[in-house]
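Just dropping this structure here.
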Protein chains: 2
Amino acid sequence: MSDGIGYCEIRKIEKIDTEEYDTISRVLNAIGNRNRIAMLAVISKYMEVCACELQPALGMPQPTITTHLHKMYDVGILKRKEVGKFSYYSINPKFEGIVNDILRGRTETMEA
Amino acid sequence: MSDGIGYCEIRKIEKIDTEEYDTISRVLNAIGNRNRIAMLAVISKYMEVCACELQPALGMPQPTITTHLHKMYDVGILKRKEVGKFSYYSINPKFEGIVNDILRGRTETMEA
DNA sequence: TTCTCATATCACTAAATATTAATATGACAC
DNA sequence: GTGTCATATTAATATTTAGTGATATGAGAA
């Protein structure tokens with residue numbers, strides 16, 4: 001380190017504000033989990049599913065299901081409708097585009 | 001719990017194989033980080049950037065930059081070209097579609 | 001070779017996340 | 001009221017991930 005900077009600067013790239021990407025990163029982080037994508041696949045197929053239906057489909061205990069659903073609900077990916085003691089989850093229309101891209105089409109181009 | 005099952009089954013949803021979503025989930029997980037998306041934004045803008053250029057742009061120490069770049073390189077999002085002591089990273093064409101969707105357009109529909 | 005510097009790897013700490021048993025809430029049936 | 005069942009929450013542990021100083025590698029210059 002010669003005199004102060006501590007790194008090369010082939011080009012001077014302006015300092016970038018990472019906070020700008022906070023929302024999108026939290027959304028992608030909420031989707032980027034094998035079990036949660038599987039849940040999205042089921043919800044996308046059936047349009048609306050009861051949490052109790054996901055339990056046998058995913059083969060995991062109820063609190064695990066709830067936790068994952070809430071993670072996606074919290075960032076707005078899922079909508080929730082409560083009917084009696086049941087909770088029905090569906091994909092927020094705002095996110096249908098990206099969710100479908102992830103579940104279909106776009107996914108294939110990434111493989112191999 | 002009456003006699004064995006332990007959960008309701010409003011509809012019988014077939015058991016889903018979560019492993020099918022392993023690749024896509026690892027990709028999204030690698031993108032779903034505020035700092036890494038910021039890096040993708042810079043790389044996308046300049047087409048190809050040297051790791052040393054990202055240091056001042058992101059304002060973080062060199063090992064942190066390398067770690068993040070490697071995480072994305074490992075899942076195939078980034079390509080690397082080594083020239084002398086420099087390493088240039090670019091977005092793997094296979095992932096340009098989804099990366100652009102994330103950085104532009106699609107992102108906006110998610111806000112608010 | 002020796003020095004410099006960009007990069008990669010290592011080692012360690014801190015923070016976040018996943019998982020799940022146990023418990024609480026709350027709706028409905030009786 | 002009591003009992004049942006779906007869901008939510010709590011609590012605790014296990015695992016993963018982020019971040020970074022220190023060190024190693026390796027290319028190019030002198």
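So you know, we letter chains A, B, ... as the sequences are listed, proteins then strands, and number each from 1. Keep in mind that the numbers below use all heavy atoms, side chains included, and drop hydrogens, waters and symmetry copies.
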**Asked** Among C:dA6, C:dT9, D:dT17, which is the nearest nucleotide to the side chain of B:C52?
**Response** C:dA6

**Asked** Mind checking whether B:M72 and B:L40 have side chains closer than 4.5 Å, heavy atoms only?
**Response** yes

**Message:** Heavy-atom nearest nucleotide on DNA chain C for A:N29 versus B:C50: which residue maps closer to 5'?
**Reply:** B:C50

**Message:** In whole Å, I'd like the distance from the CZ atom of A:R80 to the P atom of C:dG26.
**Reply:** 13 Å

**Prompt:** Just how far, in rounded Å, is C1' of C:dA21 from CD1 of A:I65?
**Reply:** 16 Å

**Request:** Check the distance between C:dA6's C1' and B:L54's CG and give it to me in whole angstrom.
**Result:** 13 Å

**Asked** Do the side-chain N or O atoms of A:Y89 get closer than 4.0 angstrom to the phosphate oxygens (OP1, OP2) of D:dA8?
**Response** yes

**Asked** Do B:Q62 and C:dA8 share a donor-acceptor pair, side chain to base, under 3.5 Å?
**Response** yes

**Message:** Need one value for A:Y88: base, sugar-phosphate or nothing, where a base atom within 4.0 Å counts as base even if backbone is also close, heavy atoms only.
**Reply:** nothing

**Asked** Is the Lys NZ or Arg CZ of A:R34 less than 6.0 Å from the centre of B:Y21's six-membered ring, within 45° of the axis?
**Response** no

**Request:** Could you check how far CG of B:N33 sits from P of C:dT17, rounded to whole Å?
**Result:** 10 Å

**Item:** Nearest to side-chain heavy atoms of B:P61, which nucleotide of C:dA18, D:dT9, D:dT20
**Value:** D:dT20

**Request:** To the nearest 0.5 angstrom, please state how far the CD1 atom of B:I24 sits from the CG atom of A:L103.
**Result:** 8.5 Å

**Item:** Out of C:dA18, D:dT7, C:dT9, whichever nucleotide has its closest atom nearest the side chain of B:P63
**Value:** C:dT9

**Request:** Nearest whole angstrom, please: distance from the P of D:dA6 to the CD of A:Q55.
**Result:** 8 Å

**Request:** Run the salt-bridge test on A:E82 and A:R80 with the 4.0 Å N-O cut-off and return the result as yes or no.
**Result:** yes

**Asked** Whole-Å distance between D:dA18 C1' and B:L69 CG?
**Response** 14 Å

**Distance in angstrom units between B:F86 CZ and C:dC5 P, rounded** = 11 Å

**Request:** Identify whether any heavy atom of B:Y73 sits under 4.0 Å from a base atom; if not, whether one sits that close to sugar-phosphate; answer base, sugar-phosphate or nothing.
**Result:** nothing

**Message:** Which is more 5' along DNA chain D, the nucleotide nearest B:K85 or the one nearest A:A51? Just name the residue.
**Reply:** A:A51

**Message:** Tell me whether the side-chain N/O atoms of A:T64 come closer than 4.0 Å to OP1 or OP2 in C:dT19.
**Reply:** no

**Request:** For A:H68 and for A:G84, find the nucleotide of DNA chain C with the closest heavy atom, then tell me which residue's nucleotide is more 5'.
**Result:** A:H68

**Request:** Mind calculating the distance between CZ (A:R34) and P (C:dT17) to the nearest angstrom?
**Result:** 19 Å

**Asked** Taking atom CG of A:N92 and atom CD1 of A:I77, what is their separation to the nearest 0.5 Å?
**Response** 9.0 Å

**Item:** Phosphate-side-chain proximity, A:S87 and D:dA8, N/O vs OP1/OP2 below 4.0 Å
**Value:** yes

